[in-house]
2 protein chains.
Amino acid sequence: MKIQLALDRLSIEEAIQIAREAEESIDLIEVGTSLIKEFGISSVSKIKEAFPNKTIVRDIKTIDNAVYEFELCFKAGADIATVMGVSPVQTIEACLNTAAKHGRTAMIDLLNTNAEQKDSLFQYNDAIFCDHVSKDEQEMAGKKKSSTAQSLDSSLQWAVAGGITLDSINKMTEPHPDILIIGSAITQSDDPGKAAAAFKKVIDEGRVEYQ
Amino acid sequence: MKIQLALDRLSIEEAIQIAREAEESIDLIEVGTSLIKEFGISSVSKIKEAFPNKTIVRDIKTIDNAVYEFELCFKAGADIATVMGVSPVQTIEACLNTAAKHGRTAMIDLLNTNAEQKDSLFQYNDAIFCDHVSKDEQEMAGKKKSSTAQSLDSSLQWAVAGGITLDSINKMTEPHPDILIIGSAITQSDDPGKAAAAFKKVIDEGRVEYQ
């Protein structure tokens with residue numbers, strides 16, 4: 001299981017500093033949507049330059065204009081870019097095709113998709129699926145877990161996101177996600193390096209329980 | 001009926017130059033999603049500075065992190081910001097509340113919403129609704145018209161978007177949209193000023209037909 005550090009609501013300099021402190025314990029670095037919408041494409045090129053050996057995920061949340069946005073991501077050094085599962089099918093397929101053309105990967109964010117949309121998306125087995133409880137759902141509705149969480153198809157690649165803490169990973173019901181996306185539990189910690197190391201230790205020791 | 005000029009897939013300098021040429025014939029200037037994802041928040045502040053008396057629409061396509069993104073838009077000078085209708089309800093309501101707090105407006109983009117989602121969204125009668133055929137649907141599926149197009153509720157405020165040309169506005173079926181969003185038919189014209197004036201002339205002469 002890999003750790004993806006999500007960098008959000010920070011300056012690019014702060015993001016790089018925090019990722020540097022957590023570097024040894026994490027596998028993927030996510031350039032969060034807020035960094036993209038605040039600072040544009042330079043956010044990903046600067047972070048890729050600072051961490052050339054890490055897998056860089058650009059959480060661009062594409063919902064239209066797929067080829068343009070995914071080309072922009074990959075040219076700036078992203079290895080993985082995100083597309084919303086609630087997008088029109090043309091957009092999702094164009095993201096997958098653009099990723100394949102560049103030898104990169106599309107992550108399909110299942111935020112607010114219904115059962116029918118999920119069934120249709122699961123045919124795209126080159127993608128990573130992100131089972132996502134959004135910030136707004138966490139903060140405003142106290143939602144902790146998606147409706148997909150107990151039925152992840154283990155033949156697909158999965159990332160899970162949404163308010164994950166050291167405490168909550170012991171209560172996760174997902175069967176074997178490939179990637180844990182962790183944001184504020186590391187970025188807002190007093191000691192991001194120590195916080196990231198604590199997550200890695202729990203994972204390395206196999207203490208993440210799937211109920 | 002107003003004209004909203006959508007600026008996309010351009011540098012900020014090109015966007016300002018084109019908007020300057022079209023200025024006399026247009027009412028609203030949209031800082032397109034591609035400008036935001038490429039250049040960040042400075043795209044809106046630079047365009048607002050260049051056109052202080054125009055209504056600036058920031059097509060930020062919020063789908064999470066509503067308060068943060070909408071605050072970012074309004075602080076940079078946007079008058080209207082967009083939220084996706086396919087977002088969780090918490091996100092949509094937070095966008096509407098943030099807009100109200102600043103005395104600004106949220107535009108709800110109906111892209112890929114189903115009938116049930118639309119019915120639920122139409123309660124938010126402070127918003128402008130955008131009936132939207134996406135770029136990818138136009139270019140990859142040849143889609144010209146949304147399924148909503150023939151049943152717009154005239155008690156709500158409507159914008160229509162998606163490949164509108166001088167030819168197509170004579171074939172529009174929508175009853176009285178408040179705003180026509182026009183992009184490449186002006187921005188990619190050899191003479192954006194002349195193209196915008198032609199749209200304004202058709203509207204001023206009442207030659208837009210609703211079938």
Side-chain angles (χ1 to χ4, degrees), chain A residues 8-9 12 32-44 58-70 72-73 75-76 81-95 97 109 111-114 116-117 132-143 161-162, chain B residues 8-9 12 32-44 58-70 72-73 75-76 81-95 97 109 111-114 116-117 132-143 161-162:
Chain A
D8 259 305
R9 306 189 195 188
I12 295 176
T33 311
S34 59
L35 264 65
I36 295 165
K37 289 185 173 173
E38 194 158 358
F39 307 113
I41 190 69
S42 68
S43 56
V44 78
R58 186 168 167 89
D59 190 15
I60 193 162
K61 289 190 168 59
T62 292
I63 196 163
D64 188 18
N65 213 359
V67 175
Y68 187 88
E69 292 196 0
F70 265 45
L72 202 65
C73 291
K75 283 178 187 159
T82 63
V83 55
M84 301 311 296
V86 291
S87 306
V89 63
Q90 292 81 12
T91 301
I92 292 164
E93 294 195 345
C95 287
N97 293 341
D109 186 330
L111 175 65
N112 224 30
T113 49
N114 60 31
E116 190 186 349
Q117 287 172 315
H132 187 188
V133 180
S134 72
K135 283 188 188 65
D136 291 346
E137 288 173 310
Q138 292 170 56
E139 291 172 8
M140 298 171 201
K143 190 172 174 183
Chain B
D8 260 305
R9 306 190 195 185
I12 296 176
T33 311
S34 59
L35 264 65
I36 295 164
K37 290 187 174 173
E38 194 158 359
F39 307 113
I41 191 69
S42 68
S43 56
V44 79
R58 185 168 169 87
D59 189 15
I60 194 162
K61 290 189 168 57
T62 292
I63 194 162
D64 187 19
N65 213 358
V67 176
Y68 187 89
E69 292 196 359
F70 266 44
L72 201 67
C73 291
K75 282 178 187 160
T82 62
V83 55
M84 301 310 298
V86 291
S87 306
V89 64
Q90 292 81 11
T91 300
I92 291 164
E93 294 193 346
C95 287
N97 293 340
D109 185 330
L111 174 64
N112 224 31
T113 49
N114 59 33
E116 190 187 348
Q117 286 171 317
H132 186 188
V133 179
S134 72
K135 283 187 187 67
D136 290 346
E137 288 173 310
Q138 292 170 56
E139 292 173 6
M140 298 172 202
K143 190 172 173 183

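Each chain gets a letter, A, B and so on, in the order the sequences are listed, and its residues count up from 1. Keep in mind the model is a prediction, meaning the values are calculated, not measured.
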Any heavy-atom pair between the side chains of [Y] and [X] that's under 4.5 Å?
{"X": "B:Asp109", "Y": "A:Ile63", "result": "no"}
{"X": "B:His132", "Y": "A:Asp64", "result": "yes"}
{"X": "B:Glu116", "Y": "A:Asn114", "result": "no"}

Inset, instruction - Could you check which of B:Ala141, B:Ser42, B:Pro88 has the highest count of heavy-atom pairs closer than 4.5 Å to chain A? - result: B:Pro88

If I take atom [atom1] from residue [X] and atom [atom2] from residue [Y], how far apart are they, to the nearest 0.5 angstrom?
{"X": "B:Leu111", "Y": "A:Met84", "atom1": "CG", "atom2": "CE", "value": "12.0 Å"}
{"X": "A:Met140", "Y": "B:Glu93", "atom1": "CE", "atom2": "CD", "value": "10.0 Å"}
{"X": "B:Lys135", "Y": "A:Glu69", "atom1": "NZ", "atom2": "CD", "value": "9.0 Å"}
{"X": "A:Lys61", "Y": "B:Lys61", "atom1": "NZ", "atom2": "NZ", "value": "15.0 Å"}

Legend entry - Residue, of A:Val44, A:Ile60, A:Asp8, A:Thr33, that accumulates the most heavy atom pairs under 4.5 Å with chain B: A:Ile60

Inset, instruction - Heavy-atom distances under 4.5 Å only: say whether B:Leu72 touches chain A with side chain, backbone, both or neither. - result: side chain

Inset, instruction - Please state whether the side chain, the backbone, both or neither of A:Ser43 comes within less than 4.5 Å of a heavy atom of chain B. - result: neither

What are the two closest non-hydrogen atoms of [X] and [Y], and how far apart are they?
{"X": "B:Glu38", "Y": "A:Tyr68", "result": "OE1-OH, 2.8 Å"}
{"X": "A:Asn65", "Y": "B:Ser34", "result": "ND2-CB, 4.2 Å"}
{"X": "B:Lys37", "Y": "A:Arg58", "result": "O-NH2, 3.4 Å"}

Inset, instruction - Mark yes or no for whether B:Asn112, through its side chain, and A:Ser87, through its backbone, hold a donor-acceptor pair below 3.5 Å. - result: yes

